[in-house]
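Worksheet: one structure, shown below.
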Amino acid sequence: MEQIQRKLAEYTASLYNEKILDEQFIQLQQLQDESNPDFVVEVVSLFFEDSERLLNELAKALNQSNVDFKKLDAHVHQLKGSSSSIGAQRVQRVCISFRNYCDERNVEGCLKCLQQVKIEYTLVKNKLETLFKLEKQFVDAGGSFPVV
């Protein structure tokens, strides 16, 4: 159990050290309690679903011969907001650059940002899925939260 707890603590710390997550994720975790033990997983799962949809919409919008930058910016704004709400700091940062390229009506810059946001999204998704697996191992081994 101590080994799992140490592994979980080290892995969680790495997510903040690598700036994959920020303090917003901690606030999200603080909203979880015994009455809703799957709160964070549920919220993050909604983020994953929403992000997949938005990434597809962004790709579609950038594939048009005449790009609707207003619509593109609205999708990026949504992705920025949802990534911010779960603390996905690196996704949020790319979205800020993406919105600047939308303002400049720069298709090439938007395409580069789309690729980068996909990379950062995939990274945060994989990291959070691993975190949730480690948390489950900890709980299955008899551990309980919060772990200090």
Side-chain angles (χ1 to χ4, degrees), residues 1-64 68-103 109-148:
M1 168 97 106
E2 274 183 39
Q3 187 179 359
I4 295 171
Q5 187 173 355
R6 186 170 47 254
K7 188 176 180 182
L8 178 58
E10 288 169 2
Y11 188 79
T12 303
S14 76
L15 297 177
Y16 296 99
N17 294 337
E18 295 170 26
K19 301 203 182 309
I20 291 166
L21 296 176
D22 64 21
E23 65 281 347
Q24 184 62 38
F25 189 76
I26 295 169
Q27 292 177 7
L28 190 64
Q29 288 176 313
Q30 290 170 345
L31 296 173
Q32 182 167 292
D33 59 21
E34 299 84 34
S35 67
N36 197 353
D38 297 325
F39 177 75
V40 174
V41 171
E42 289 169 6
V43 169
V44 170
S45 294
L46 290 172
F47 165 73
F48 291 159
E49 288 172 27
D50 197 42
S51 297
E52 301 277 343
R53 180 187 58 78
L54 288 168
L55 289 169
N56 287 331
E57 292 293 328
L58 290 168
K60 267 193 251 173
L62 281 167
N63 257 342
Q64 302 300 314
D68 181 346
F69 286 97
K70 197 171 186 176
K71 185 177 180 181
L72 189 65
D73 184 61
H75 291 315
V76 177
H77 182 70
Q78 261 188 292
L79 184 59
K80 179 179 164 266
S82 60
S83 60
S84 175
S85 72
I86 68 146
Q89 184 176 172
R90 287 165 52 161
V91 173
Q92 180 191 6
R93 285 207 178 122
V94 177
C95 287
I96 292 168
S97 298
F98 203 149
R99 292 196 72 200
N100 290 334
Y101 284 119
C102 287
D103 287 344
C110 287
L111 286 167
K112 284 180 185 171
C113 282
L114 177 60
Q115 292 313 307
Q116 189 61 40
V117 84
K118 284 180 178 179
I119 291 166
E120 295 299 345
Y121 166 73
T122 301
L123 178 67
V124 77
K125 184 175 193 242
N126 291 338
K127 296 281 189 176
L128 285 171
E129 286 172 345
T130 300
L131 176 66
F132 296 151
K133 283 178 190 160
L134 288 171
E135 287 177 347
K136 185 175 180 340
Q137 288 174 4
F138 177 66
V139 170
D140 288 351
S144 63
F145 290 95
V147 177
V148 181

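Throughout, numbering of the chain's residues begins at 1 and tracks the sequence. In this text the structure is predicted, and so the values were computed from the model without any measurement. Values reported hereafter were calculated over all heavy atoms of this structure, with side chains retained and with hydrogens, waters and symmetry mates removed.
Gln27 contributes no side-chain N or O that, together with a main-chain N or O of Glu23, makes up a donor-acceptor pair within less than 3.5 Å. A donor-acceptor pair is defined here as one N or O able to donate and one able to accept, closer than 3.5 Å; such a pair exists between the side chain of Arg90 and the backbone of Glu18. Ser45 places a side-chain N or O within donor-acceptor distance of the main-chain N or O of Val41, the cut-off being under 3.5 Å. No donor-acceptor pair under 3.5 Å is formed between the side chain of Tyr101 and the backbone N or O of Leu111. In this structure, the side chain of Ser14 engages the main chain of Tyr11 through a donor-acceptor pair within 3.5 Å. Between the Asp73 side chain and the Phe69 main chain, no donor and acceptor come within less than 3.5 Å of each other. With hydrogens and angles ignored, the 3.5 Å screen pairs no side-chain donor or acceptor of Asn36 with any backbone N or O of Gln32.
When side chains are defined from C-beta on, Asp50 does not count as touching Leu79, because their heavy atoms never get closer than 4.5 Å. For the pair Ile86/Leu128, a side-chain contact is recorded, criterion being any heavy-atom separation below 4.5 Å from C-beta on. Residues Ile4 and Leu134 fail the side-chain proximity criterion, which asks for heavy atoms closer than 4.5 Å.
For the atom pair CG of Leu58 and NZ of Lys71, the computed distance is 10.5 Å after rounding to the nearest 0.5 Å. Distance check, rounded to the nearest 0.5 Å: OG1 of Thr12 to CG of Leu21 gives 9.0 Å. In this structure, NZ in Lys127 is found 14.0 Å from CZ in Phe132, a value given to the nearest 0.5 Å. Of the inter-residue distances, the one linking Gln115 atom CD with Lys112 atom NZ reads 11.5 Å to the nearest 0.5 angstrom. Atom-to-atom distance recorded for Gln24:CD and Gln92:CD is 9.0 Å, nearest 0.5 angstrom. Going from atom CG of Leu8 over to atom OG1 of Thr130 covers 11.5 Å, rounded to the nearest 0.5 Å.
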Q.
What verdict does the side-chain contact (heavy atoms from CB on, under 4.5 Å) test give for Glu120 and Arg93, after you've listed the backbone C-alpha separation in whole Å, the side-chain angles of each residue and the deciding distance to 0.1 Å?
A. CA-CA 10 Å; Glu120 295 299 345; Arg93 285 207 178 122; over 6 Å; no

Q: For side-chain contact (heavy atoms from CB on, under 4.5 Å), just list the numbers for Phe39 and Asp33, CA-CA rounded to whole Å, side-chain angles, deciding distance to a tenth of an Å, and then say yes or no.
A: CA-CA 8 Å; Phe39 177 75; Asp33 59 21; over 6 Å; no

(Q) Could you go through Leu55 and Leu114, starting from their C-alpha distance and side-chain angles, then the distance that decides it, and tell me whether this counts as side-chain contact (heavy atoms from CB on, under 4.5 Å)? (A) CA-CA 8 Å; Leu55 289 169; Leu114 177 60; 4.2 Å; yes

Q | Candidate pair Asp68 and Leu72, rule side-chain contact (heavy atoms from CB on, under 4.5 Å), full reasoning | A | CA-CA 6 Å; Asp68 181 346; Leu72 189 65; over 6 Å; no

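Contact between Ser85 and Ser82 at its shortest, heavy atoms only, is OG-O, 2.8 Å. Contact detail for Cys110 and Cys102: the closest heavy-atom pair is SG-N, 3.8 Å. The nearest pair of heavy atoms linking Phe47 to Ser83 is CE1-CA, 3.5 Å.
In Lys125, the NZ atom is crowded: over 12 heavy atoms of neighbouring residues, nucleotides or ligands sit closer than 6.0 Å.
A salt bridge is defined here as a Lys NZ or Arg NE, NH1 or NH2 lying under 4.0 Å from an Asp or Glu carboxylate O, and Lys60 with Glu57 meets this definition.
Ring geometry for Phe25 versus Tyr16: interplanar angle of 30 to 60°, hence tilted.
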